[in-house]
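Below is one structure, written out as structure tokens; comments come after it.
Atoms within each ligand, like the ligands themselves, are counted from 1 in listed order. This structure is a prediction, so every number in the text was calculated from the model and none was measured.
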Amino acid sequence: MQTVGGKYFDTFNTISAWCEQSLLQQAMDQCAFYNALLSKTVEGSDVWRINHAGGEPVPVSQHTLTILKTAAEISEASQGAFNIAVGPVINLWRFTSGEAKVPDGESIKTLISHADCSKIKLQGDAVTVPAGMEIDLGGIAKGYITDRIADFLRERGVFRAILNFGGTVVTLGSKPDGTPWIVGLQHPAGEHGKKCWAAVPCSDESVVTSGVYERGFYVNGVRYHHIVDPRTGWPVQNGVDCVTVCSKNSLLADGLTTALFVLGPEQGLNLAERFHVHAVYLERDGKISYTTGFNFVILENTP
Ligand code: AMP
Ligand code: MG
């Protein structure tokens, strides 16, 4: 098995398969294209142009439109728990800067009051976002990108592979012996990638996780992390440590994990059932809850 790695989207990503290393490298190189299209910080990207259009319509690629349509669907179904307009509030927290700090409450209040993603308009291939509003596809883009990279590999005859893009794992086919891939779910308290609390067997499916451990900081014992409650602008504090969604569609799974994180287990598992995906929550107090019939294994000593 060959593996290539690449740092994109603020995570280290790997693609492993039984094929030429050069083909895997070409697959990884696709990330540069999607980053140039979807990053909010790359000048001239679709998202950058949308955010700098001052309320005017902006023609964008089909890739961006597809993501925005799914984002709107998840946003509506989750009653706004998923909201790509939280961008300016996320910027305020400066999670990726290395100098993250708790912003003042008034600034949060002001910015979150403008974050109404139901005002985003899609007409033909044009997107209009009201002046003063910004979008951030950080909660959903990686799902779309990994779907496309998986397609790229399948189109070139690669039917057994595993992509690991931070919290987004995509499996193609099964292992060569015909048994499913086993995807470990990272323990929230464990060192990155070192300790798993559960294992999910899967073939041709994506396993996507949102967790408090991914990005954030502590002040006086409170964890301020990168998933924001659109009702308040503050990081969600609902006792959820991590939630995982399993689906054939990474785009949907990625958007849903973020939505499910905000909603918490009671409403979140209902939403998962409505989208016909499996989901499992691990809460800080050790409680585990999941959709009916989800086939996964809880590992010993958890949590
Ligand atoms: P994920 O790890 O997939 O849950 O995505 C987290 C990222 O999504 C954050 O770094 C933000 O860019 C963005 N985000 C944070 N809160 C929300 C939210 N409530 N709805 C949509 N996107 C969000
Ligand atoms: Mg997500």
For [X], take its heavy atoms, then give the atoms of ligand 1 lying under 4.0 Å from any of them.
{"X": "Asp136", "value": "11 (C), 12 (O)"}
{"X": "Ser210", "value": "1 (P), 2 (O), 3 (O), 4 (O)"}
{"X": "Pro230", "value": "19 (N)"}
{"X": "Ile90", "value": "11 (C), 15 (C)"}
{"X": "Ile227", "value": "4 (O), 15 (C), 16 (N)"}
{"X": "Asp254", "value": "3 (O)"}

Counting only nitrogen or oxygen atoms and a 3.5 angstrom limit, does Val228 reach ligand 1? yes

What do you reckon, does Thr257 have a nitrogen or oxygen under 3.5 Å from a nitrogen or oxygen of ligand 1? no

Would you check, one step at a time, whether the test ring-ring contact (aromatic ring centres under 6.0 Å, His included) holds for Phe261 with His226? CA-CA 11 Å; Phe261 194 100; His226 68 144; 8.0 Å; no

Check this for me, if you would: do Arg284 and Asp241 make a salt bridge, where the nitrogen-to-carboxylate-oxygen distance has to be below 4.0 angstrom? yes

Strictly by side-chain hydrogen bond (donor to acceptor under 3.5 Å, both in side chains), give each pair with a member in residues 270-282 just once, sequence neighbours left out. His278-Thr291

Could you go through residues 55-70 and list every donor-acceptor pair under 3.5 Å that involves a side-chain atom there, pairing it with any protein atom two or more places apart or in another chain?
{"from": "Ser61", "atom 1": "OG", "to": "Asp46", "atom 2": "OD2", "distance (Å)": "3.1"}
{"from": "Ser61", "atom 1": "OG", "to": "His63", "atom 2": "N", "distance (Å)": "3.4"}
{"from": "Ser61", "atom 1": "OG", "to": "Thr64", "atom 2": "N", "distance (Å)": "3.3"}
{"from": "Ser61", "atom 1": "OG", "to": "Thr64", "atom 2": "OG1", "distance (Å)": "3.2"}
{"from": "His63", "atom 1": "ND1", "to": "Tyr144", "atom 2": "OH", "distance (Å)": "2.7"}
{"from": "Thr64", "atom 1": "OG1", "to": "Asp46", "atom 2": "OD2", "distance (Å)": "2.6"}
{"from": "Thr66", "atom 1": "OG1", "to": "Gln62", "atom 2": "O", "distance (Å)": "2.8"}
{"from": "Thr70", "atom 1": "OG1", "to": "Thr66", "atom 2": "O", "distance (Å)": "3.3"}

Test item: side-chain donor near acceptor, [X] and [Y], under 3.5 Å:
{"X": "Asp116", "Y": "Ser118", "value": "yes"}
{"X": "Asp229", "Y": "Thr232", "value": "no"}
{"X": "Ser250", "Y": "Ser206", "value": "yes"}

Could you pull out all residues at least two apart from Gln21 that satisfy side chain to side chain donor-acceptor pair (under 3.5 Å)? none

In this structure, is the centre-to-centre distance between the rings of Tyr290 and Phe296 below 6.0 Å? yes

Identify the two heavy atoms, one from Pro180 and one from Lys175, that lie closest to each other, and give their separation to 0.1 Å. O-CE, 3.2 Å

Consider ligand 1: state whether an atom of it lies below 4.0 angstrom from any non-hydrogen atom of Phe82. yes

Residue part near ligand 1, for Ala81, under 4.0 Å between non-hydrogen atoms: backbone

Listed as residue and atom, the protein N/O/S atoms under 2.8 Å from the Mg ion (ligand 2) are Gly139 O, Asp254 O, Asp254 OD1, Thr258 OG1

